[in-house]
Number of protein chains: 2
Amino acid sequence: MALTENAAAERRKVRSDSGNNGEDPSQEVLTALRRIIRATDLHSKRLAREVGLTTPQTVVLQAVRDLGEVTSGQLSRHVSLSQGTVTTILDRLENRGLIERYRSASDRRVVHSRLTRQGRALLRKAPPLLHERFIEVFGDLPAARQRQIIKTLDEVAAMMGAAGLDAAPLLDSGASAKRER
Amino acid sequence: MALTENAAAERRKVRSDSGNNGEDPSQEVLTALRRIIRATDLHSKRLAREVGLTTPQTVVLQAVRDLGEVTSGQLSRHVSLSQGTVTTILDRLENRGLIERYRSASDRRVVHSRLTRQGRALLRKAPPLLHERFIEVFGDLPAARQRQIIKTLDEVAAMMGAAGLDAAPLLDSGASAKRER
DNA sequence: CTAATATATTTTCAACTCAAAAGTTTTCAA
DNA sequence: TTGAAAACTTTTGAGTTGAAAATATATTAG
């Protein structure tokens with residue numbers, strides 16, 4: 001009996017809900033993410049043109065700098081990219097003489113990477129990995145707001161199932177313990 | 001005395017030199033974004049395996065459904081992808097018989113796309129564009145928190161320069177001089 | 001009417017990305 | 001010792017991505 005009225009009421013509620021086009025909230029998340037991803041792509045292409053290094057190349061190069069003699073597996077976990085992806089990026093960096101690769105003497109399966117002099121020099125010119133406007137605007141926010149944003153982004157990453165991937169490498173910084181081989 | 005003006009300079013000074021231990025907040029944003037982007041990539045690959053449509057393909061297909069007879073330029077703006085990208089995705093969808101393309105009779109430069117029966121059928125199986133876990137967890141959050149998250153993501157997108165990028169840069173010459181036609 | 005210009009799309013190019021398969025080397029068990 | 005299994009890395013295959021060049025068509029100035 002009251003079914004039709006309930007349906008009508010529900011529709012009315014949905015339609016008048018917010019100023020926007022009655023979008024499902026997940027949809028809005030998706031749209032926002034797509035714009036963020038596109039912005040990072042555009043920025044990366046611009047860096048490639050102006051500085052000669054894309055964002056992923058820079059991230060990997062910095063990781064090589066920070067981790068020292070490092071295997072591609074460690075790199076892969078550190079920068080959140082698959083092993084194959086890291087290999088192709090290292091290929092390019094090696095071809096340009098920015099890094100060197102060599103097999104470990106003790107275990108010839110593993111391949112170490114390290115910066116060359118040129119890689120170190122190029123890295124000093126430090127291409128900014130985020131849009132300048134972002135760095136500027138973000139840096140002007142109150143510290144509390146900055147933390148909120150980071151926390152929200154981490155939450156979203158966790159909700160998307162990205163949590164476990166970097167759990168292991170947390171040891172990287174602390175695992176300087178005793179790893180004798 | 002110049003202290004207030006040095007705020008910006010101080011911000012920039014926060015670049016750590018050799019091991020970036022200090023965890024500059026921008027760096028944390030970058031890391032979170034990379035994990036989010038990776039999660040969306042992984043999800044897209046999984047969809048491709050299980051449903052036969054990647055995320056971008058689904059997004060474009062849905063846009064064709066929602067916009068009706070649509071040009072690739074309109075699609076490009078609607079889904080936040082470059083024109084060339086949209087073309088390659090439409091190529092794939094067309095090859096599989098999910099859409100049709102045909103030139104406009106009135107202006108033969110423009111190409112319209114529309115769903116085929118099969119495209120419509122496949123869309124009804126609606127592959128979820130976000131990780132199920134995300135949809136579930138996100139949906140359980142209070143509505144106010146959901147809105148906060150969306151607002152934060154939109155803010156981040158805007159800070160990265162992704163806000164009005166679609167239309168504006170196309171009119172680079174003359175800067176919005178209005179001309180009667 | 002013709003040439004220049006503008007508009008819409010596609011093509012080309014280089015890079016990124018992951019999964020899965022393939023290739024090496026090491027370790028371990030029988 | 002000899003296989004088999006495990007551990008690492010690279011290769012392969014398919015798809016996404018944007019910039020810039022190339023095409024095709026339309027519009028406009030002279």
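Within every chain, numbering begins at 1; the chains are lettered A, B, ... in the order of the sequence lines, protein sequences first and strands thereafter.
- Distances shown here put a side-chain N or O of B:Thr71 below 4.0 Å from the OP1 or OP2 atom of C:dT9.
- Between B:Arg101 atom CZ and C:dT9 atom P there is a gap of 10 Å when expressed in whole angstrom units.
- Counting only heavy atoms from C-beta on, A:Val110 has its side chain closest to D:dT9 among D:dT10, C:dA19, D:dT9.
- For A:Asp107 and A:Gln83, each mapped to the nucleotide of DNA chain C holding its nearest heavy atom, the one lying further toward the 5' end belongs to A:Gln83.
- Checking D:dT17, C:dC18, D:dT9 against every side-chain atom of B:Leu42, the shortest atom distance belongs to C:dC18.
- Nucleic acid contact for B:Thr87: base, since at least one base atom lies under 4.0 Å from a heavy atom of the residue.
- B:Thr31 places a side-chain N or O within 3.5 Å of a backbone atom of B:Gln27 that can act as its donor or acceptor partner.
- Between A:Thr88 and A:Lys45, the residue anchored nearer the 5' end of DNA chain C, judged by the nucleotide with its closest heavy atom, is A:Lys45.
- When rounded to the nearest whole Å, the span between CG of A:Leu53 and P of C:dA14 equals 18 Å.
- Judged by distance alone, with hydrogens and angles left aside, the side-chain atoms of A:Gln83 form a donor-acceptor pair with the main-chain N or O of A:Gly73 at under 3.5 Å.
- To the nearest angstrom, P of C:dT9 lies 13 Å from CD1 of B:Ile99.
- The NE2-P distance, from B:His112 to C:dT10, rounds to 12 Å in whole Å.
- Put simply, A:Arg34 has a side-chain N or O that comes within less than 4.0 Å of OP1 or OP2 on D:dT17.
- Of the nucleotides present, D:dT1 is the one that pairs with C:dA30 by Watson-Crick or G-U wobble criteria, both distances under 3.5 Å.
- Looking at heavy-atom distances under 4.0 Å, B:Thr54 makes contact with sugar-phosphate atoms alone, never a base.
- Nearest nucleotide to the side chain of A:Leu81, out of D:dG18, D:dT16, C:dT17: C:dT17.
- Within the 4.0 angstrom heavy-atom criterion, base atoms lie near B:Arg92.
- For B:Arg38, taking side-chain heavy atoms from C-beta onward, the closest of the listed nucleotides D:dT17, C:dC18, C:dC16 is C:dC18.
- D:dT27 atom P lies 12 Å from atom CZ of B:Arg108, rounded to whole Å.
- Taking atom CD1 of residue A:Ile37 and atom P of nucleotide C:dA15, one finds them 22 Å apart after rounding to whole Å.
- Side-chain atoms of B:Glu94 never come within 3.5 Å of backbone atoms of B:Asp91 as a donor-acceptor pair (strictly under, hydrogens ignored).
- Proximity note for A:Pro56 (side chain, C-beta onward) versus D:dA19, C:dC16, C:dT10: the nearest is C:dC16.
- A:Gly73 comes within contact range of the sugar-phosphate backbone alone, with a heavy-atom separation under 4.0 Å but no base atom that close.
- A:Arg49 places its CZ atom 14 Å from the C1' atom of C:dA15, with the value rounded to the nearest Å.
- Considering only side-chain atoms of B:Ser72, the nucleotide from D:dT16, C:dT10, C:dT17 that sits closest is C:dT10.
- Rounded to whole Å, the distance from CG on A:Leu61 to P on C:dA15 is 15 Å.
- At a threshold of 4.0 angstrom between heavy atoms, the contacts of A:Arg96 with the nucleic acid are absent.
- A cation-pi arrangement is absent between A:Arg133 and A:Phe138 under the rule of less than 6.0 angstrom and at most 45 degrees off the ring axis.
- No side-chain heavy atom of A:Val110 sits under 4.5 Å from any side-chain heavy atom of A:Arg103.
- Looking only at distances, no side-chain donor or acceptor of B:His43 sits under 3.5 Å from a matching main-chain atom of B:Glu132.
- Between D:dT17 and B:Thr85, no contact under 4.0 Å exists linking OP1 or OP2 to a side-chain N or O.
- For the side chain to side chain contact (heavy atoms under 4.5 Å, CB included) with A:Leu153, the qualifying choice from B:Leu30, B:Leu153, B:Ile149 is B:Leu153, the only one to do so.
- One can find a donor-acceptor pair under 3.5 Å joining the base of C:dT7 and the side-chain atoms of B:Arg109.
- Within 4.0 Å of A:Arg103, counting heavy atoms only, lies no atom of the nucleic acid at all.
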